[in-house]
Protein chains: 2
Amino acid sequence: MLAQTGLSKRQLRVLEVIREYSEEYGYPPTIREIGELVGITSTSVVSYNLNVLQNKGYLVRDRDISRGLRLVDGLDDHESPADGEGELAEFVSIPLLGAIAAGIPLPVPESNAMLADAESIRVAREMIGSPRDVYALQVRGDSMIDALINDGDVVLMRHQQTAENGDMIAAWIKDEKATTLKRFYWEPGRTSVRLQPANPLMDPIYVHPANLDIQGKVIGVIRRLG
Amino acid sequence: MLAQTGLSKRQLRVLEVIREYSEEYGYPPTIREIGELVGITSTSVVSYNLNVLQNKGYLVRDRDISRGLRLVDGLDDHESPADGEGELAEFVSIPLLGAIAAGIPLPVPESNAMLADAESIRVAREMIGSPRDVYALQVRGDSMIDALINDGDVVLMRHQQTAENGDMIAAWIKDEKATTLKRFYWEPGRTSVRLQPANPLMDPIYVHPANLDIQGKVIGVIRRLG
DNA sequence: TTATACACGGAACAAATGTTCTATGTCAAG
DNA sequence: CTTGACATAGAACATTTGTTCCGTGTATAA
């Protein structure tokens with residue numbers, strides 16, 4: 001019945017009470033006030049349920065801070081770019097197109113529809129420069145540790161087929177059927193390009209240009225931890 | 001000059017601080033926090049000025065209630081968010097307090113004033129959860145490669161002296177006089193804690209708790225590339 | 001000059017408020 | 001039946017946080 005949200009009736013009520021109280025008073029309720037409103041007699045139980053709600057992502061608490069909680073932005077509409085005002089936005093939404101892993105080709109932006117439908121992440125504009133052709137991928141697996149990129153990291157990519165010396169690129173190595181993230185160096189006189197891991201302790205690999213499909217340039221990495 | 005509003009410079013600053021704080025945290029500041037932010041050393045003076053502002057109609061106070069104040073909807077107002085309630089900022093500014101490197105202790109936030117003065121970076125709120133006690137440091141050197149963190153990366157920290165199992169922490173190892181970033185594990189029955197590099201290929205180290213000064217928890221990493 | 005309103009600082013205080021700890025009851029899995 | 005995760009209650013505790021009171025300095029008006 002309530003399986004929809006995964007929240008108990010009481011927890012839903014707690015959220016409702018916080019919302020109503022905040023709207024009425026302009027600041028959030030204390031745990032005792034929540035208790036009174038919901039009908040919980042013990043402060044520890046209120047705190048317990050608030051922690052549950054926090055773990056499920058419905059609110060955020062600040063330890064030891066009176067009234068230190070806030071609801072996290074609901075799912076509902078969540079987009080209201082109506083800020084406008086003429087200037088360019090300070091923050092941009094980047095479409096999250098899928099995953100990147102060693103053994104699979106990485107998704108690239110194709111249709112506008114796929115960009116519109118995708119989940120998105122938001123970053124400060126100065127993080128990426130121009131948002132043109134920028135998209136995001138989530139890393140799966142440990143295969144990119146040589147690039148100092150961990151399982152779960154989000155990489156910000158600029159879609160392009162070429163690269164300049166020193167660019168960190170995402171590329172498909174055809175004969176190995178593998179995706180890799182490395183710095184690109186083309187050394188005149190050589191027939192192959194050098195792909196250099198970000199980790200200075202690791203050795204480069206050399207591949208023939210014809211064996212390399214450049215998918216884009218890595219312009220940023222974002223890692224979220226606990 | 002300020003006769004226009006009938007408010008002193010200090011009072012204008014108080015209003016500004018309340019507005020900014022509320023947008024950042026989702027609840028109003030305490031009088032002590034206002035004092036720190038504005039530069040008023042006595043809580044009674046903050047309270048005094050809040051009462052003045054209330055009498056002039058700029059805000060409303062609730063007696064004996066922690067954080068019991070709210071701004072009265074000003075006319076002037078540069079913002080017309082049209083949304084209605086959610087006055088929460090979607091992005092927050094994080095103070096960049098300096099550098100983190102292997103051989104030096106890392107800067108930690110102390111006064112609220114120092115946070116206000118520092119350079120800052122801006123991130124989406126969902127990147128950090130609560131902005132409370134969060135600050136940023138720029139990595140200098142290759143010493144944190146075992147944590148998959150590169151020279152130049154920005155790490156987002158939450159300042160705290162304790163840690164839970166699995167947290168990635170920044171800590172000072174006293175006898176080595178070194179800063180390190182590792183995952184923290186306390187195994188019951190052992191006298192030392194295990195510090196595990198993010199890179200699964202690398203070995204953990206074990207240190208005695210008394211030899212460890214936890215400086216904070218790493219909650220995010222941001223890397224910008226060409 | 002003196003008086004008075006205003007603004008500020010510091011310290012002590014009391015109330016508000018979050019946390020921790022122990023105990024109890026339920027329910028499903030083993 | 002026993003175990004363990006989950007949810008609850010109550011009380012003691014520690015910290016956070018608003019209030020009060022006394023003293024100081026500085027204007028401006030009488």
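- Donor-acceptor pairing under 3.5 Å is lacking for the side chains of A:Arg70 and A:Ser22.
- Summarising the geometry, the separation between CD on A:Gln54 and P on C:dT19 is reported as 10 Å, rounded to the nearest angstrom.
- Separating the CG atom of A:Leu69 from the P atom of C:dG18 is a distance of 8 Å, rounded to the nearest angstrom.
- Chain A approaches DNA chain D over the interval D:dC6 to D:dT17, counting the first and last nucleotide 5' to 3' with an atom under 4.0 Å from its heavy atoms.
- Checking A:Glu33 against A:Tyr21 by side-chain atom types alone, a donor-acceptor pair falls below 3.5 Å.
- In terms of modelled atom types and a separation under 3.5 Å, the side chain of B:Asn51 and the main chain of B:Tyr48 share no donor-acceptor contact.
- A:Asp62 places no side-chain N or O within 3.5 Å of a backbone atom of A:Gly68 that could act as its donor or acceptor partner.
- With hydrogens and angles left out, the side-chain atoms of A:Ser66 and B:Arg67 include a donor and acceptor closer than 3.5 Å.
- Put simply, CD on A:Glu36 is 12 Å from P on C:dG18, counting in whole angstrom units.
- The phosphate of C:dA16 (OP1 or OP2) has no side-chain N or O of A:Ser66 nearer than 4.0 angstrom.
- Note: B:Tyr27 and A:Tyr27 fail the aromatic proximity criterion, with ring centroids not under 6.0 Å apart.
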Using residues 166-176 of chain B as the side-chain source, report each donor-acceptor pair under 3.5 Å to any protein atom, sequence neighbours left out, with the distance given to one decimal.
from, atom 1, to, atom 2, distance (Å)
B:Asp167, OD2, B:Glu164, N, 3.0
B:Lys174, NZ, B:Ala210, O, 3.0
B:Asp175, OD1, B:Asn211, ND2, 3.0
B:Asp175, OD2, B:Asn211, ND2, 3.1

- Message: Within the 4.0 Å limit for protein heavy atoms, which parts of nucleotides 4-15 of chain C are touched? Write it as a string from 5' to 3', B for base, S for sugar-phosphate only, - for none.
- Response: --SSBBBB----
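- In the model, B:Arg158 has no side-chain atom that pairs as donor or acceptor with a side-chain atom of B:Gln160 under 3.5 Å.
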